[in-house]
**Q** 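Have a look at this one.
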Amino acid sequence: MEELKEILYDDVEQKFIELQDRKKKRKIRWQRVRRIVLIVLGALGLLYFSSPSSKVQSLSVSGNTYYSDEELWEMAHLSYETRYVLMPKFLIAWNLEKQELMDHVDVIKNWQGAIHVEVSEKKILGSVVDEDGVAYVIVCGKPFEKIAVDEAHLSTLVHYPKLGAFDDENLQLLVDAFSVDKREVSSELIAMISEIQPYERSYDAHMVKLIMQDGNTLYSSYDGIPLLNDYKQVLRSSSKTHVCLELDETNASIYESDCDKK
């Protein structure tokens, strides 16, 4: 009986040793396979990153007015020397959305090495210059923001209206008038305005005078500002230029008035 136990024990022990040997051999085999795979991947990676095809092939941007294309590429840390796979979309967007006048950014990449950036800058109503000659842009919001313009961006102010001597209270009313929910005046229409000046009449001391880039002059209360959304339609239906127009919020209409009586 004892001899039988010893034989069974020796048999189990032998099988255990054989199993351990097989496991060890499998482990060594997989280690060799992993090593070969890593070497191959390393070689392929080295080959790829030493190739011109690993770099960005095309850069394009849309939606920017305040920031130039070149500025955006610099802020995003992008160039034609950038390794395409090392610059993920979220990192590009994060680099740009840190900027003071940036609202949000969408990045589109394709496997041909092209990167397109769609930017949405904060909505700028216009520019003002203080007594010391420092230029600021007025950014829509509640409250509005007044952000100093550095010398590099002074040339961009041509895209925005010049704002007259509004005090802070009326400037906020003006900003609010351009930002009415569902009747918001677009940045495209704002760009058609050359100047926005305070204006008053006997029955309303808080009106505005808008001098358009096309030479027309518009008069409105703050409540009538959203009617600017109809301005392009008015232009299409009239062949006249350098006319005076009234934005009448009561009747929700824009009509011509006599410039000589202003």
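Note that this is a predicted model, so its numbers are computed, not measured.
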**Q** Please confirm whether the backbone N or O of Asn110 pairs with a side-chain atom of Tyr84, one donor and one acceptor, at under 3.5 Å?
**A** yes
**Q** Closest heavy-atom contact between Met87 and Thr82?
**A** CB-CG2, 4.0 Å
**Q** Nearest heavy-atom pair of Gln197 and Gly164: which atoms, and what distance?
**A** OE1-CA, 3.2 Å
**Q** Can you tell me how far the CG atom of Leu245 sits from the OH atom of Tyr219, to the nearest 0.5 Å?
**A** 10.0 Å
**Q** Between Val129 and Ile211, is there a shared hydrophobic cluster once you connect ILVMFWY residues whose side-chain heavy atoms come closer than 4.5 Å?
**A** no
**Q** Let me check something: do Tyr255 and Val234 share a hydrophobic cluster, defined by ILVMFWY side-chain heavy atoms less than 4.5 Å apart, either directly or through other members?
**A** no
**Q** Regarding Asp176 and Gln172, do their side chains bring together a donor and an acceptor under 3.5 Å, going by distance alone?
**A** yes
**Q** Is there side-chain contact between Tyr160 and Thr65, with heavy atoms separated by less than 4.5 Å?
**A** yes
**Q** Does Lys162 have more than 12 heavy atoms from other residues, nucleotides or ligands lying within 6.0 Å of its NZ?
**A** no
**Q** Is there a chain of hydrophobic side chains (I, L, V, M, F, W, Y, each step under 4.5 Å between heavy atoms) that links Phe90 to Val119?
**A** yes
**Q** Do Glu100 and Ile147 have side chains that approach each other closer than 4.5 Å (heavy atoms only, starting at C-beta)?
**A** yes
**Q** Measure from the side-chain N and O atoms of Asp214 to the backbone N and O of Asn216, and report whether any donor-acceptor pair falls under 3.5 Å.
**A** yes
**Q** What's the separation between atom CD1 in Ile196 and atom CZ in Phe166, rounded to the nearest 0.5 Å?
**A** 6.5 Å
**Q** Looking at Leu72, Val117, Leu78, Asp69, which hits side chain to side chain contact (heavy atoms under 4.5 Å, CB included) with Leu59?
**A** Leu78
**Q** Do you know the tightest heavy-atom contact between Tyr67 and Met102?
**A** CD1-CE, 3.8 Å
**Q** Got a salt bridge between Arg201 and Glu246, using NZ or NE/NH1/NH2 to carboxylate O under 4.0 Å?
**A** yes
**Q** Could you state whether Val180 and Leu247 fall into the same hydrophobic cluster, counting links through intermediate Ile, Leu, Val, Met, Phe, Trp or Tyr residues with side-chain heavy atoms under 4.5 angstrom apart?
**A** no
**Q** Once rounded to the nearest 0.5 Å, what's the spacing between atom CD1 of Ile190 and atom CD1 of Ile124?
**A** 9.5 Å
**Q** Is there a side chain to side chain contact (heavy atoms under 4.5 Å, CB included) between Lys55 and Arg83? Walk through the geometry before answering.
**A** CA-CA 4 Å; Lys55 298 178 181 179; Arg83 303 296 176 183; 3.4 Å; yes
**Q** Any heavy-atom pair between the side chains of Val56 and Trp73 that's under 4.5 Å?
**A** no
**Q** So His153 and Tyr66, would you call those rings parallel, tilted or perpendicular, with 30° and 60° as cut-offs?
**A** parallel
**Q** What are the two closest non-hydrogen atoms of Asp103 and Glu97, and how far apart are they?
**A** O-CG, 4.4 Å
**Q** Lys146 side chain to Val128 main-chain N or O, any donor-acceptor pair under 3.5 Å?
**A** no
**Q** State, with a plain yes or no, whether a side-chain heavy atom of Ile108 is found less than 4.5 Å away from one of Asp106.
**A** no
**Q** Which atom pair, heavy atoms only, marks the closest approach of Val175 to Cys140?
**A** CG1-CA, 3.7 Å
**Q** Are Ile225 and Val185 close enough that some pair of their side-chain heavy atoms sits under 4.5 Å apart?
**A** yes
**Q** Atom CG of Leu171 and atom CD1 of Ile138: how far apart are they, to the nearest 0.5 Å?
**A** 5.0 Å
**Q** In Å and rounded to the nearest 0.5 Å, what is the CD1 to CD1 distance from Ile115 to Ile92?
**A** 4.0 Å
**Q** For the backbone of Asn95 and the side chain of Gln99, can you confirm whether one donor and one acceptor N or O come within less than 3.5 Å of each other?
**A** yes
**Q** Take Leu96 and Met75, measure what side chain to side chain contact (heavy atoms under 4.5 Å, CB included) needs, and give me the verdict at the end.
**A** CA-CA 6 Å; Leu96 293 176; Met75 292 185 295; 3.9 Å; yes
**Q** Is Asn229 reaching over with its side chain to a backbone N or O of Arg183, donor-acceptor style, under 3.5 angstrom?
**A** yes
**Q** Does Asp230 offer a backbone N or O that forms a donor-acceptor pair with the side chain of Gln233 under 3.5 Å?
**A** no
**Q** Would Ser62 and His116 count as a side chain to side chain donor-acceptor pair (under 3.5 Å) here? Give the steps.
**A** CA-CA 8 Å; Ser62 62; His116 178 70; 3.3 Å; yes
**Q** Hydrophobic clusters here meaning ILVMFWY residues chained together by side-chain heavy-atom distances under 4.5 Å, can you tell me if Val158 and Val134 are in one?
**A** no
**Q** Start with the C-alpha gap between Val208 and Leu174, add the side-chain angles, then the distance that decides, and say whether side chain to side chain contact (heavy atoms under 4.5 Å, CB included) holds.
**A** CA-CA 9 Å; Val208 291; Leu174 185 65; 3.8 Å; yes
**Q** Got Phe178 and Ile193 here, is their nearest side-chain heavy-atom distance under 4.5 Å?
**A** yes
**Q** Let me confirm one number: the NZ-OG distance from Lys123 to Ser187, rounded to the nearest 0.5 Å.
**A** 5.5 Å
**Q** Is a donor on one side and an acceptor on the other found under 3.5 Å between the side chain of Lys122 and the backbone of Glu145?
**A** no
**Q** Do you know the tightest heavy-atom contact between Leu228 and Leu189?
**A** O-CD1, 3.6 Å
